[in-house]
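See structure below.
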Amino acid sequence: MELIVARGREDLVKARRGGTVALVPTMGALHEGHRSLIRQARVRADQVVVSIFVNPLQFGPNEDFSRYPRTFDADLEVCREEEVDVVFHPAAEDMYGPDRQVSVSAGEMGRVVEGAYRPGHFDGVLTVVLKLFNLVQPDLAVFGQKDAQQLALIRRMVADLDLPIEILGAPTVREPDGLALSSRNRYLSADDRRVALALSRALRAGAAQLTPAEIRETARAVLDEAGPELDVDYLALVDPATFAEVSDDYEGLAVLAVAAKVGTTRLIDNVTVTLNPA
Ligand code: AMP
């Protein structure tokens, strides 16, 4: 089946064939992490739609919107290889008219952890995801655990706004040495890349501990060892549903999340840990 490239709502309606539809939202520069999401969608749905849209609303004024990688032709090739049915690639001016007024608020949960360092980011994410849901009208959508707070907020939006869409989370795909795949990794020099490995190393060391205090302390020590080239924004141990910091007596699954700048590139990563197991 020929891959269809849709630019707007009419193209999407024309491309619809009946059966279940899965949406995989992306900003392009597709890598193995995106491929794993597409494969999960492929298994569950008759028709797979991948959106490729670098969403201006989720970038702050001093962030990397203009230099975010754009590799559309290579992305189309990846989508063909993965037997995607439709690539939805809207123009920014079609997504956001000049008279735009209404948007989605991520609430308090959008202002903590990653949200504390990127004001308005999650409002921008939820607004574009809701628009994509309305345009594509999928039965299910797949998001990566790599962006754990984003995934948790999308689940909250679906619950709070009664959206009839099933949300699937996909595990983080990593390089053999532990570095989480990211479209931004291409900006890392060989030296940066070595420094960046401290993120996954810290998370692994933390996750091998049992109590919140041990986990925080162990992970922080590994980050500190990396030296001043690793500019850490936060290390957080949080409840996966709310992203509130967990207390010392918390039991069950938690997310250990980290964000740091290496050179001019900002990276995030996280792992799931089990706290105070009985
Ligand atoms: P992005 O294009 O970076 O906005 O990511 C699009 C989707 O791919 C999001 O749901 C991400 O969480 C997911 N994703 C990005 N990197 C990875 C990875 N290394 N492993 C799994 N999913 C990922």
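As the structure lists them, so they are numbered: ligands from 1, and atoms in each ligand from 1.
Residue Val142 has no N or O atom closer than 3.5 Å to an N or O atom of ligand 1. Every N/O-N/O distance between Ser182 and ligand 1 stays at or above 3.5 Å. Note: an N/O pair closer than 3.5 Å links Met27 and ligand 1 by distance alone. Inclusion of Val173 in the set of residues having an N or O under 3.5 Å from an N or O of ligand 1 is warranted.
Ring orientation note: the planes of Tyr234 and Tyr117 are tilted relative to one another, at an angle of 30° to 60°.
In this structure, His31 counts as a contact residue of ligand 1, since one of its heavy atoms falls inside 4.0 Å of the ligand.
Closest to atom 1 (P) of ligand 1 by heavy atom, among Glu32, His34, Arg35, is His34.
The only member of Val258, Val113, Asp147 that meets side-chain contact (heavy atoms from CB on, under 4.5 Å) when paired with Ile268 is Asp147. Tested against Leu76, the residues Leu30, Val84, Leu3 include a single side-chain contact (heavy atoms from CB on, under 4.5 Å) partner, Leu3.
If you look at Val24 next to ligand 1, there are no close heavy atoms at all, none under 4.0 Å.
The residues Lys261 and Asp233 are annotated as salt-bridged, a charged nitrogen and a carboxylate oxygen being separated by less than 4.0 angstrom. Between Arg194 and Glu229 there is no salt bridge, since none of the side-chain N atoms of the basic residue sits less than 4.0 Å from a carboxylate O of the acidic one.
For atom 11 (C) of ligand 1, the closest non-hydrogen atom on the protein side is Asp147 OD2, 3.0 Å.
In the vicinity of Pro25, heavy-atom distances shorter than 4.0 Å reach the ligand 1 atoms 6 (C), 7 (C). Each of the following atoms of ligand 1 lies closer than 4.0 Å to a heavy atom of Thr26: 2 (O), 6 (C).
Proximity of the aromatic rings of Phe53 and His89 is defined here by a centroid distance below 6.0 angstrom, and this criterion is not met.
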